[in-house]
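Labels below follow one simple rule: chain letters A, B, ... track the order of the sequence lines, proteins then strands, and each chain is numbered from 1.
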Protein chains: 2
Amino acid sequence: MTTDADDRIARRQVDKFAERRRQLADAALTTLAAEGYARTSLRDIARESGFSVGVVHYYFRDKVELITYCVRRYKAACVERYDAIAAHATDAEALLRDAGDGLAATLEQDALMHRLWYDLRSQALFEESFRLDVADIDASLERMIARIVDTYAELVGVAPRCPSALAYAAFDGLFQQTLLRHLSGDPAALDDLRAGTRTLLTHLV
Amino acid sequence: MTTDADDRIARRQVDKFAERRRQLADAALTTLAAEGYARTSLRDIARESGFSVGVVHYYFRDKVELITYCVRRYKAACVERYDAIAAHATDAEALLRDAGDGLAATLEQDALMHRLWYDLRSQALFEESFRLDVADIDASLERMIARIVDTYAELVGVAPRCPSALAYAAFDGLFQQTLLRHLSGDPAALDDLRAGTRTLLTHLV
DNA sequence: GAGTTTTCTGGACGACCGTCAAGATTTTCT
DNA sequence: AGAAAATCTTGACGGTCGTCCAGAAAACTC
């Protein structure tokens with residue numbers, strides 16, 4: 001049987017392997033965010049990572065496994081980011097402001113990642129390989145919006161008036177349209193997102 | 001100078017050339033709808049059209065010109081389809097019903113074309129070549145939603161309470177989420193679109 | 001230090017891509 | 001009927017793609 005020292009050594013190697021996979025996946029996400037799914041090759045990803053294409057194949061069975069791993073990694077980052085939005089508001093007005101500011105902040109700071117999200121969600125309609133992971137992300141996003149809507153409803157002392165799927169759809173549309181405008185250079189886009197968030201929350205609750 | 005007969009002959013040839021371009025573009029749209037932008041090659045399009053790749057190159061300078069022409073052709077079809085939605089309602093309840101039924105009908109009948117639309121809109125964020133045409137389509141869609149919202153507002157005798165861009169964003173999100181669900185086989189998707197259309201109209205006006 | 005294991009490189013392969021052009025075929029004109 | 005123009009086919013080209021693998025280099029073990 002192996003000793004604790006054996007376990008520690010084996011564990012260190014496993015951790016090293018996993019750490020390299022994360023590193024490669026981060027290079028992949030960077031390239032995907034910059035170029036889009038359709039225009040990203042394994043050679044591009046390798047170049048971004050500083051390793052050869054052979055290393056990508058050493059750590060991932062094929063391109064599909066790498067992309068799927070990336071989507072899962074993206075999801076983890078997503079959940080972390082969104083759970084923080086409007087998490088501490090204690091009155092309705094503060095929540096309206098924090099929700100709008102939170103969504104505007106994440107859109108501005110991670111515009112290219114959000115663009116990638118819509119790209120991948122769209123690609124998932126044509127390719128099976130990461131469709132379930134994309135659906136998981138959508139479900140997380142819906143929960144985030146439901147949390148904000150429910151919290152707002154509580155703070156104004158009413159029950160929410162529409163299903164969480166509809167609220168999510170409306171916010172998703174607002175976010176996506178704002179992203180398009182922001183990426184086109186529209187200076188009013190983020191303020192319109194804040195105002196739109198307020199309008200949707202007050203009208204849908 | 002040319003005679004009338006000369007004009008008729010030249011015109012017939014120009015028409016023949018344009019007709020072949022439309023035919024090739026329709027084959028391209030069919031293939032794009034089935035496979036998505038990323039996975040569609042000129043060879044695939046040629047195969048769908050029944051002509052060789054050389055014919056595609058005879059009528060279009062390159063792939064970019066073909067895709068751009070397709071997007072414009074798609075836009076024309078879009079505008080025609082959407083201008084008919086809820087165009088004849090004479091009371092608020094009829095408009096709510098017609099708008100929901102119209103959006104549900106077009107989603108159901110042209111699901112793959114709508115999927116293509118979201119694919120192309122997403123691609124337009126990464127490639128310049130058809131970005132302006134995609135923006136034109138978005139503007140048409142916004143006008144369509146604005147028309148429906150304004151008509152509803154008139155019928156209930158109030159002014160609309162939110163900007164057309166926000167109304168369009170919310171409807172676009174609803175439509176897209178419904179498309180995702182419909183394509184995944186969710187039997188309730190279209191009914192939820194009808195219900196969601198009603199909720200958005202009544203709450204945003 | 002030698003042997004073993006892990007990690008990584010770089011070249012090759014077959015397939016596919018967009019584009020081009022010579023020439024065949026069809027259509028039109030005289 | 002023959003010539004000209006228009007239309008179309010087919011093969012080739014250079015480039016890119018994902019994948020594979022022999023072997024080099026680095027790290028590790030004894």
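- Between the CD1 atom of B:Ile67 and the C1' atom of C:dC17 there is a distance of 14 Å, rounded to whole Å.
- If you measure from atom CG of B:Leu42 to atom P of C:dC17, you get 9 Å, rounded to the nearest angstrom.
- A heavy atom lying under 4.0 Å from DNA chain D marks none of the residues of residues 22-38 of chain B.
- Going from atom CZ of B:Arg47 over to atom C1' of C:dC16 covers 11 Å, rounded to whole Å.
- With sequence neighbours left out, A:His182 forms a side-chain contact (heavy atoms from CB on, under 4.5 Å) with A:Leu107, A:Glu108, A:Ala111, A:Ala189, A:Leu190.
- Contacts classified as ring-ring contact (aromatic ring centres under 6.0 Å, His included) and involving residues 123-144 of chain B (residues at least two apart or in different chains) are given here: B:Tyr37-B:Phe130.
- With sequence neighbours left out, A:Ser52 forms a side-chain contact (heavy atoms from CB on, under 4.5 Å) with A:Val55.
- In this structure, NE2 of B:His57 is placed 16 Å from C1' of C:dA22, rounded to the nearest angstrom.
- For B:Gln109, there are no side-chain hydrogen bond (donor to acceptor under 3.5 Å, both in side chains) partners at least two apart in sequence or on another chain.
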Just the table, please: protein N/O against nucleotides 6-10 of chain D N/O, every pair under 3.5 Å.
unit_1: D:dT7; atom_1: OP2; unit_2: B:Tyr58; atom_2: OH; d: 3.1
unit_1: D:dC8; atom_1: OP1; unit_2: B:Arg20; atom_2: NE; d: 3.0
unit_1: D:dC8; atom_1: OP1; unit_2: B:Arg20; atom_2: NH2; d: 2.2
unit_1: D:dC8; atom_1: OP2; unit_2: B:Arg20; atom_2: NE; d: 3.4
unit_1: D:dC8; atom_1: OP2; unit_2: B:Tyr59; atom_2: OH; d: 2.6
unit_1: D:dT9; atom_1: OP2; unit_2: B:Ser52; atom_2: N; d: 2.7
unit_1: D:dT9; atom_1: OP2; unit_2: B:Ser52; atom_2: OG; d: 2.8

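- In this structure, the side-chain contact (heavy atoms from CB on, under 4.5 Å) partners of B:Ala188, at least two apart in sequence or on a different chain, are B:Arg181, B:Asp186, B:Asp192.
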*asked:* Run A:Arg73 and A:Asp26 through salt bridge (charged side-chain N to carboxylate O under 4.0 Å, His left out) and show every step you take.
replied: CA-CA 8 Å; A:Arg73 198 161 167 70; A:Asp26 287 348; 2.7 Å; yes
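- Annotation: salt bridge (charged side-chain N to carboxylate O under 4.0 Å, His left out) contacts of A:Arg22 (sequence neighbours excluded): A:Glu19.
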*Show your working on salt bridge (charged side-chain N to carboxylate O under 4.0 Å, His left out) between A:Glu65 and A:Arg21 and close with a plain yes or no.*
CA-CA 11 Å; A:Glu65 194 197 351; A:Arg21 279 168 61 94; 3.4 Å; yes
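- Applying the ring-ring contact (aromatic ring centres under 6.0 Å, His included) rule to pairs touching residues 60-83 of chain B yields B:Phe60-B:Tyr69, sequence neighbours excluded.
- Scanning for side-chain contact (heavy atoms from CB on, under 4.5 Å) contacts around B:Arg43 gives B:Ser41, B:Arg47, B:Val53, with sequence neighbours left out.
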Protein-nucleotides 12-15 of chain D N/O pairs closer than 3.5 Å?
none

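- Every residue two or more places apart in sequence or in another chain was checked for a ring-ring contact (aromatic ring centres under 6.0 Å, His included) with A:Phe171, and none qualifies.
- One atom, CZ of A:Arg39, and another, P of D:dC17, lie 11 Å apart when rounded to the nearest Å.
- Distance B:Lys63 NZ to C:dG18 C1': 8 Å, rounded to the nearest Å.
- Rounding to whole angstrom units, CD of residue A:Glu65 and C1' of D:dG18 are separated by 15 Å.
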